[in-house]
Undergrad: 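First, the structure itself, so that you have it in front of you.
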Amino acid sequence: MTTEEVKKLEILAYEIRKDVIVALKNAKSGHTGGSLGLADIFTALYFKVLHHKPEDPDWAGRDRFLLSNGHVCPVWYAALARAGYFDVEEFRTTLRKLGTRFQGHPSRLDTPGVESSSGSLGQGLSIGVGMAYAARFDNAPYRVYVGMSDAEFQEGSVWEALMAGGNWKLDNLTAYIDRNKIQIDGSTEGDVMPLEPLKEKLRAFKWNVIEADGHDIKEIVTAFREAGAHRGGPTMIIFNTVIGKGVSFMEGKAEWHGKPPNEEEAEKALKELDEHIEEMKEGGD
Amino acid sequence: MIKLNEELRLVDDFENVERIPTRDGYGKGLVELGAERNDVFVLTGDLADSTRTAWFKEKFPERFIDMGVAEQNMINVAVGLALSGKVPFVATYGVFVPGRAWDQIRISVCYNKANVKFAGAHTGISVGPDGATHQALEDVASVRALPNLTILSPTDFWESKKATIAAAKMKGPVYIRFGREKVPVITTEETPFEIGKAVVYREGKDVTLIATGQMVYQAIIAANNLMERGIDAGIINVHTIKPLDRETIVEAARRTGAVVTAEEHQVYGGLGGAIAELLSKENPVPMRFVAVNDRFGESGVADELLEAFGLTHKEIEAAAEELVKLKK
């Protein structure tokens, strides 16, 4: 990737953050922190990594992307909108409102680009394993991607899926963990139910494990490429992220897991994001 | 013996019926499907023999997946296959699917409208000696409230085979319920089967017996005995519990003015509940419910258990007689 390209995507990731803030402010409910924390990963996915055709969401050769932790769908909707699946304004104004195509949690039958409905944690990886199994059976060229939260690894079914994916050596499957170490009741490690040593556990389940900075576009893209090149088993990318990334008063705060910004907070957040975009633009190289 | 609708080509002799488990019909149906089309996959959770999916495995090993004892993953792997254009059939005991994988069924199967066909084998009290933990008596209730789902409860071998094949032909989620024990074969290969269409075995004047699964046979015996006591009972086999054949059921209630339901399931939330919901709105008539009365099962031999839990023609007859008296 050229530095110019990286910079373009970095700026786009901040535009997506702005979409998320506006949509959640208008919705008056929803999950802000995780959505902001994933903006760089979703930008990399939809603008660099995934093979897809926004004008033809059902294109048979598309890579499949599943979002297992459906509650962070605002960032998904924003990335899909910016990629051209639908009008960004429709998303920003109707999210979570009666009659919308943009449900509070992803709904396959409502939103173009959504492969599977999700919202109850711990289900996406199993579906991805099934899709990867089918793709391999058909010798299909596409890959299957699954986005996961870290706390959902507390669900037992995730380990069932890990066992199957590893056992079947599904190297057409890449999953990532949004490792922000924050869940509703606090820190995954200190307050609730620790996941560590996570890498070792995943390797024991026969997964290839890559760790990367979830806020560095270049590292994110490289991690996905390495995963795609790996043979003999599925890959799990642990992306270290900061919940609320990009908005200083939300960063690292569990309280921003499940609440939207009010008018005043949104204004403050948008101002900060705009300033950051300006800095990046002026930054040059 | 009372006369049943001849167009249905049911067996001639109800007193000397052949007995085959419904799960055998499932196994045979899957093998037939496997030969007919290459998009059919079969998944089981370490229960290939007892769900009769081993027969499919033998013929089409490349499309058979043993998921191990992991039912939640099994349902969602099936969802992944279905969303990739396959037609997956999932089979394990009813206590595990839908039992253990209900959330997966709710969101990933039903909300997604994924084309997954899941089967609960070993449902009902007649599972026998394994006892309460393995006797699925709440499976229908647990999934009947889910939108987009079709629920099939075939009565015998042939109907199970036809239900399995018909499930593959329709698009959308289907739950099929089977039993473990050998049960009377009352239909034939020629008997028509259509998902969503209740089958009127006999019209009757005084009361309608509406049954599902192996209780249909008990309803036939009951109707025969009732006739000897001067009560003309209709018989309807409801193999599709959802969506209900509203028209046929309302029509029968109107004609006879009394309804007895019979099922190998808890009294709450199953066939009886579904019919009561329908009739209370469309055509209220006095009803009685032959079902398991809000208690867990226990160990025993199938026939003993059916007697002990009140799931025989005798309870159906008593309920019908009570209703007929009530009408007078």
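Note that the coordinates shown come from a computational prediction; the quantities given were computed from them, not determined experimentally. Letters A, B, ... mirror the listed sequences (proteins, then strands); counts begin at 1. Scope of the values below: all heavy atoms of this structure, side chains included, with no hydrogens, waters or symmetry mates.
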Undergrad: Show the nearest heavy-atom pair for residues Met131(A) and Leu83(B), with the distance to one decimal.
TA: CE-CB, 3.6 Å
Undergrad: If you count heavy-atom pairs under 4.5 Å between each of Arg64(A), Gln123(A), Glu115(A), His105(A) and chain B, which one has the most?
TA: Gln123(A)
Undergrad: How about Glu160(A) and Asn76(B): does a side-chain donor come under 3.5 Å of a side-chain acceptor?
TA: no
Undergrad: Give, for atom CD1 of Ile65(B) and atom OH of Tyr133(A), the distance between the pair rounded to the nearest 0.5 Å.
TA: 4.0 Å
Undergrad: Around atom NZ of Lys242(B), are there more than 12 heavy atoms from other residues, nucleotides or ligands closer than 6.0 Å?
TA: yes
Undergrad: Can you tell me how far apart NZ (Lys113(B)) and OG (Ser117(A)) are? Round to the nearest 0.5 Å.
TA: 11.0 Å
Undergrad: Given a strict heavy-atom distance threshold of 4.5 Å, which part of Glu71(B) is in contact with chain A: side chain, backbone, both, or neither?
TA: backbone
Undergrad: For Asn112(B) versus Leu109(A), what's the shortest heavy-atom pair and its separation?
TA: O-CD2, 4.1 Å
Undergrad: Only pairs of heavy atoms separated by less than 4.5 Å count here; which of Gly80(B), Gly85(B), Ser84(B) has the most with chain A?
TA: Gly80(B)
Undergrad: Flag yes if more than 12 heavy atoms outside Lys59(B) fall under 6.0 Å of its NZ atom; otherwise flag no.
TA: no
Undergrad: Does any backbone or side-chain atom of Trp159(A) lie under 4.5 Å from a heavy atom of chain B? Answer side chain, backbone, both or neither.
TA: neither
Undergrad: Step through the shown structure and confirm whether more than 12 heavy atoms of other residues, nucleotides or ligands are within 6.0 Å of NZ on Lys201(A).
TA: yes
Undergrad: Above 12 or not: heavy atoms from other molecules or residues under 6.0 Å from CD of Glu282(B)?
TA: yes
Undergrad: More than 12 heavy atoms of other residues, nucleotides or ligands under 6.0 Å from CG of Asp185(A): yes or no?
TA: no
Undergrad: Answer yes or no: does atom CZ of Arg82(A) have more than 12 heavy-atom neighbours from other residues, nucleotides or ligands under 6.0 Å?
TA: yes
Undergrad: How about Arg100(B): does its CZ atom have over 12 heavy atoms from other parts shown lying under 6.0 Å from it?
TA: no
Undergrad: Taking side chain as everything from C-beta outward and backbone as N, CA, C, O, which of these in Asn167(A) sits under 4.5 Å from a heavy atom of chain B? Side chain, backbone, both or neither.
TA: neither
Undergrad: Are there over 12 heavy-atom neighbours, none belonging to Phe137(A), within less than 6.0 Å of that residue's CZ?
TA: yes
Undergrad: OH of Tyr111(B) to OG of Ser120(A): how many Å apart, nearest 0.5 Å?
TA: 13.0 Å
Undergrad: Using only heavy-atom distances, determine whether the side chains of Asn73(B) and Ser157(A) contain a donor-acceptor pair under 3.5 Å.
TA: no
Undergrad: With respect to chain A, which residue among Lys86(B), Gln104(B), Met67(B) yields the maximal number of heavy-atom pairs within a distance under 4.5 Å?
TA: Gln104(B)
Undergrad: Please rank Ser107(A), Ala161(A), Ser126(A), Ala135(A) by heavy-atom pairs under 4.5 Å with chain B and give me the top one.
TA: Ser126(A)
Undergrad: Could you have a look at Val69(B), Ile107(B), Ile75(B) and say which one has the most heavy-atom pairs with chain A under 4.5 angstrom?
TA: Ile107(B)
